[in-house]
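Data first, discussion second: the structure below is written as structure tokens.
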2 protein chains.
Amino acid sequence: MRRDSRLSGVLHILLHMAERDEPVTSEELSKMIDTNPVVVRRTMAGLRELGYVHSEKGHGGGWTLSCDLTKVTMKDIYSAVGSPSLLAIGNRTDAPKCLVEQAVNAVLQNAFDEAEEMLLNRLGDVTLAMLSADCHARIEARGGVKKAKGNVHG
Amino acid sequence: MRRDSRLSGVLHILLHMAERDEPVTSEELSKMIDTNPVVVRRTMAGLRELGYVHSEKGHGGGWTLSCDLTKVTMKDIYSAVGSPSLLAIGNRTDAPKCLVEQAVNAVLQNAFDEAEEMLLNRLGDVTLAMLSADCHARIEARGGVKKAKGNVHG
DNA sequence: CCTCATGCAACTTATGGTATTACAAGAAGC
DNA sequence: GCTTCTTGTAATACCATAAGTTGCATGAGG
């Protein structure tokens with residue numbers, strides 16, 4: 001089954017934006033995650049609605065962060081990209097009439113719900129600032145690349 | 001994203017089989033989960049390979065349970081249906097060169113792995129016998145239907 | 001007024017779960 | 001034997017949706 005990677009991609013983008021002072025265009029961002037500028041705009045639209053980022057048209061336009069990185073968590077970003085379903089398996093039906101299926105569903109749903117909740121809690125534990133710090137640590141460990149210059153995205 | 005419901009369907013089928021002494025045909029089983037007999041055979045093939053069920057051709061043929069319900073867990077059945085991926089979201093790429101993406105992936109993957117492990121553990125905690133007992137409890141509570149006669153599957 | 005950029009709708013593509021069709025083969029009954 | 005019931009399996013079609021693409025409108029600078 002195809003996995004939704006919007007959360008992964010958007011976080012990647014946001015962390016790069018955190019290293020830049022000027023607006024970054026969809027074109028630039030799209031290259032970072034090997035996709036199309038339209039896909040970037042579509043995805044970022046959700047973040048804009050929630051005030052996490054800001055977009056500007058025309059010359060010198062593009063995307064800028066507009067939130068406190070210490071306040072926004074990965075869970076917030078997950079919601080911003082539309083809260084895609086987390087689990088790839090599920091019950092065959094909701095509210096079945098068959099008592100046997102009801103029993104199966106009850107047990108399975110319980111497990112599913114717990115796993116989802118646990119995952120969401122994990123996402124809620126990590127702020128963008130923490131992620132950013134982690135990035136810097138990795139960059140230092142790798143020899144200290146300054147301000148996102150010289151990395152694989154050029 | 002479409003959710004894989006094989007586990008849910010197969011468990012439903014197995015519990016019905018547990019109430020029957022004679023072999024049950026794919027035709028009958030397929031009606032229980034509103035699908036096609038071929039789908040049943042295809043799915044049950046995995047269980048047969050692991051010895052959980054047995055199939056017989058010809059007159060009076062069909063499927064029978066061939067395992068100790070107190071020994072087989074939902075996790076075992078999950079494996080038997082091919083261990084379909086549990087999560088519907090994931091990282092955009094594995095082993096990215098970009099340090100930023102590495103940092104994002106590391107944190108996300110950690111959360112994903114934990115959620116998967118937790119879900120699998122839950123599935124491993126419940127045996128088919130426990131599920132069956134749960135069914136019987138529900139049937140009793142509902143007025144005592146004997147031997148799966150008179151339920152919604154006719 | 002030309003260029004650069006986002007905004008957005010419509011459409012196409014790719015993927016994978018599910019369903020269907022068709023046919024081979026084996027087992028029981030007549 | 002032959003017919004019927006059943007599984008076994010390959011090939012195919014169906015369908016939902018994540019992702020990619022195209023086209024055009026709109027607004028901001030220069």
Side-chain angles (χ1 to χ4, degrees), chain A residues 1-10 12-13 17 20 22-49 52-64 66 78 81-93, chain B residues 1-10 12-13 17 20 22-49 52-64 66 78 81-93:
Chain A
M1 183 180 291
R2 198 171 202 163
R3 284 183 170 169
D4 191 316
S5 63
R6 275 175 289 180
L7 177 59
S8 167
V10 157
H12 182 182
I13 278 179
M17 285 171 64
R20 305 266 301 251
E22 340 76 46
V24 191
T25 66
S26 307
E27 178 75 28
E28 276 181 278
L29 295 175
S30 71
K31 283 173 185 162
M32 295 175 186
I33 57 172
D34 307 305
T35 184
N36 195 293
V38 178
V39 174
V40 170
R41 287 198 275 271
R42 193 152 58 205
T43 309
M44 297 287 279
L47 305 213
R48 185 182 49 219
E49 276 175 25
Y52 301 147
V53 296
H54 173 74
S55 63
E56 201 83 41
K57 290 179 179 177
H59 274 285
W63 298 86
T64 46
S66 60
Y78 163 76
V81 295
S83 304
S85 58
L86 296 173
L87 296 185
I89 70 175
N91 282 322
R92 199 179 59 81
T93 56
Chain B
M1 179 178 298
R2 196 160 197 174
R3 284 182 172 170
D4 190 315
S5 62
R6 274 174 291 178
L7 178 60
S8 167
V10 157
H12 181 183
I13 279 179
M17 286 170 65
R20 306 266 302 253
E22 339 75 45
V24 191
T25 66
S26 306
E27 178 76 28
E28 278 181 277
L29 295 175
S30 70
K31 283 173 185 160
M32 296 174 185
I33 58 172
D34 307 304
T35 184
N36 195 291
V38 178
V39 174
V40 170
R41 287 198 275 271
R42 194 153 54 207
T43 310
M44 298 288 278
L47 304 213
R48 186 183 48 220
E49 276 175 25
Y52 301 147
V53 295
H54 174 74
S55 64
E56 201 83 40
K57 290 179 178 176
H59 275 286
W63 299 86
T64 46
S66 59
Y78 164 76
V81 296
S83 304
S85 58
L86 296 173
L87 296 184
I89 68 176
N91 283 322
R92 199 178 61 80
T93 56

Does R3(A) contact dG16(C) through a side-chain donor or acceptor facing the base, at a distance under 3.5 Å?
no
Could you tell me whether the side chain of H59(B) has a donor or acceptor atom within less than 3.5 Å of a complementary atom in the base of dT6(D)?
no
Within the structure shown, what part of the strands sits under 4.0 Å from D4(A) by heavy-atom distance: base, sugar-phosphate, or nothing?
sugar-phosphate
Rounded to whole Å, please give me the gap between NE2 in H54(A) and P in dA28(D).
10 Å
Counting only side-chain heavy atoms from C-beta out, which of dT21(D), dT15(C), dT9(D) sits nearest to R2(A)?
dT15(C)
Residue R48(B), side-chain atoms from C-beta onward, closest of dC8(C), dT9(D), dA19(D):
dT9(D)
Check the phosphate of dT7(D) against S55(B), side-chain N and O only, distance under 4.0 Å to OP1 or OP2. Yes or no?
no
Would you say a side-chain N or O of T25(B) is under 4.0 Å from OP1 or OP2 of dT6(D)?
no
Does R41(A) make a side-chain N or O approach to OP1 or OP2 of dG7(C) shorter than 4.0 Å?
no
Quick check: closest heavy atoms across R3(B) and I89(A), and the distance to 0.1 Å?
CD-O, 3.7 Å
Heavy-atom nearest nucleotide on DNA chain C for V38(A) versus E56(B): which residue maps closer to 5'?
V38(A)
Check: R42(A) side chain, dT21(D) base, donor-acceptor under 3.5 Å:
yes
Ranking S5(B) and V24(A) by the position along DNA chain C of their nearest nucleotide, the one closer to 5' is V24(A)
Rounded distance [0.5 Å steps], CD1 in I13(A) versus CZ in R92(B):
9.0 Å
How would you label the contact of G60(A) with the nucleic acid (heavy atoms, under 4.0 Å): base, sugar-phosphate, or nothing?
nothing
With rounding to the nearest 0.5 Å, note down the distance linking CG in D4(B) to CG in L86(B).
9.5 Å
Any chance you could measure R41(B), atom CZ, to L29(B), atom CG, to the nearest 0.5 Å?
10.5 Å
